[in-house]
Protein chains: 2
Amino acid sequence: MENKESQQACNHTIGSHKSCISLVPIFNHLESEQMDEILMTAQSVSYKKGEIIYQADNQSTSLYIVNSGKVRIFRLSESGKEQLVRILNPGDFTGEYALFSESTHESFAEAMVDTAVCMINRTDLQAFLLKYPSISLKILAEFSTRLEQSEKQSTWFATEKVETRIAHYLIEGLAGGNHSEVLELPMSKKDLASYLGTTPETISRKLADLEAQGLIKLKPHKKIEIIDVEGLLLV
Amino acid sequence: MENKESQQACNHTIGSHKSCISLVPIFNHLESEQMDEILMTAQSVSYKKGEIIYQADNQSTSLYIVNSGKVRIFRLSESGKEQLVRILNPGDFTGEYALFSESTHESFAEAMVDTAVCMINRTDLQAFLLKYPSISLKILAEFSTRLEQSEKQSTWFATEKVETRIAHYLIEGLAGGNHSEVLELPMSKKDLASYLGTTPETISRKLADLEAQGLIKLKPHKKIEIIDVEGLLLV
DNA sequence: CGATGATTTGAACGGTCTCAACCCAAGTGG
DNA sequence: CCACTTGGGTTGAGACCGTTCAAATCATCG
């Protein structure tokens, strides 16, 4: 978590690197020596809560893998409003834009809590991809999933009203991980509003509506009990 | 749907395959013999206007490369409304979802006019990717561009009002290809509405507004003259 | 305990959708 | 050649959803 010794070459903290890299689905099929080879080129950096990991304009040409902590990826629209794109947990990676295409990326990454990441340089990574093509397939799989996700979200914004988007967000939250019927929002309602393309006020109102309809029950500490999944699907 | 001569092996129409494949950015750096190797596994299929190339539920595990014609990729939302995701022109490809990840894709592909495509089988393509890793890098670049694009669109839907989205769509249309100040809409206004997440009525009204503001000039045959780019950016 | 920020609630405004009518261009069949 | 159909496009009026702004409340943290 709190790697005081950030910016250090990996040989100083190989242990933590290894745990980092091996977390990542795109690498976890490799032999241990291949993994070591990658580790040699990786750097570990840590960020305090609120610090910016990369910005839209200054193009960082690295792949970032979250070791510990939580990262907010967001964009700024022309009109200055920000939209939350996704949240990275340990094992997730980002930085793909500047990595493979020359276009400058337009998103920001910010540490939501104290966070440690591994950085792999663009040219290093490309060399690995050519050397170990199986990694590419993993990344391609990841990309196509993310693309599917993003296009789905786009469709939601374009065609569904806010209440529906909230309802489906809640259901997806249930599906992923929590098998109970109580889910904990992984972010503030402000962020949730940004993620769902609306305002905190509307989130607040719609959640109250859903509760009034008996579909959910709001609990303390960002917890929400899902009472009627079928009902939510029909919203 | 009723491909009279669909499913034919490539040796029946090798000439057309070569012209197809060589169009595609992801392959055009290969040696001619490598290209031939890929051609041997490709199939050529043609579709009449309006025919469905693939559907959301039935998962086709092929990469589709458009040889000639025009293809509409769209999704259906829960509520049954359709949203146009993108339009494929010759050289563009699709089918990436089912290709690399196991998840079922949720989009539809429909021929907008008579269209010919090359299909490359999933397992064949994966073998090529492992054999010629440079192709992966090309595809990764393409994916990251598309992802960037999709997330940008998502942000637009979430944060910008319809008029702004239209204005930016027009400007992007100018940037890509037409260096003149007249652009021709590549689709009906109905489709444009679907693409921009609004209704045909609103498109009609907003375009009229923009014309009234002296920013554009509507011309016959889906043509629009851009008069004031700066002004459009400020909308 | 005070300060700061997140959340809730209310009221008014505004944008966009919906629905309906109408127009227009391109076919089609008599 | 003309009625008729068909589908895209336009225009108008009203309803509705969600935003905005303002104020009050709650939470968290030093």
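We name chains A, B, ... by the order of the sequence lines, and we start the count at 1 in each one.
Here the range on DNA chain C touched by chain A, meaning any atom under 4.0 Å from one of its heavy atoms, is C:dA6 to C:dA11. Put simply, chain B comes within 4.0 Å of DNA chain D, heavy atom to any atom, from D:dG8 to D:dA13, going 5' to 3'.
The CD1 atom of A:I203 sits 9.0 Å away from the OH atom of A:Y169 when rounded to the nearest 0.5 Å. Taking CG of A:L183 as the reference point, atom CD1 of A:I226 lies at 4.5 Å (rounded to 0.5 Å).
Take the nearest nucleotide of DNA chain C for A:L218 and for B:K161: the residue whose nucleotide is more 5' is A:L218.
Between the side chain of B:R72 and the main chain of B:E110, no donor-acceptor pair closer than 3.5 Å is present. Judged by distance alone, with hydrogens and angles left aside, the side-chain atoms of A:E211 form a donor-acceptor pair with the main-chain N or O of A:L218 at under 3.5 Å. Under the 3.5 Å distance criterion, the side-chain polar atoms of A:N67 are left unmatched by any main-chain donor or acceptor of A:A116.
Relative ring orientation between A:F74 and A:F108 is described as parallel, the plane-to-plane angle staying below 30° on a 0-90° scale split at 30° and 60°.
When each of A:Y47, A:F93, A:Y54 is tested with A:Y64 by the rule ring-ring contact (aromatic ring centres under 6.0 Å, His included), just one qualifies, namely A:Y54.
DNA chain C lies under 4.0 Å from at least one heavy atom of each of the following residues of residues 191-216 of chain B: B:G197, B:T198, B:T199, B:E201, B:T202, B:R205, B:K206.
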Chi angles and distances behind the side chain to side chain donor-acceptor pair (under 3.5 Å) call for A:S194, A:Q83: CA-CA 5 Å; A:S194 164; A:Q83 197 222 346; over 6 Å; no

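Checked for salt-bridge contact, B:E82 and B:R75 miss the test: no charged N lies under 4.0 Å from a carboxylate O. A salt bridge between A:R146 and B:E151 is absent, with no side-chain N of the basic residue lying under 4.0 Å from a carboxylate O of the acidic one.
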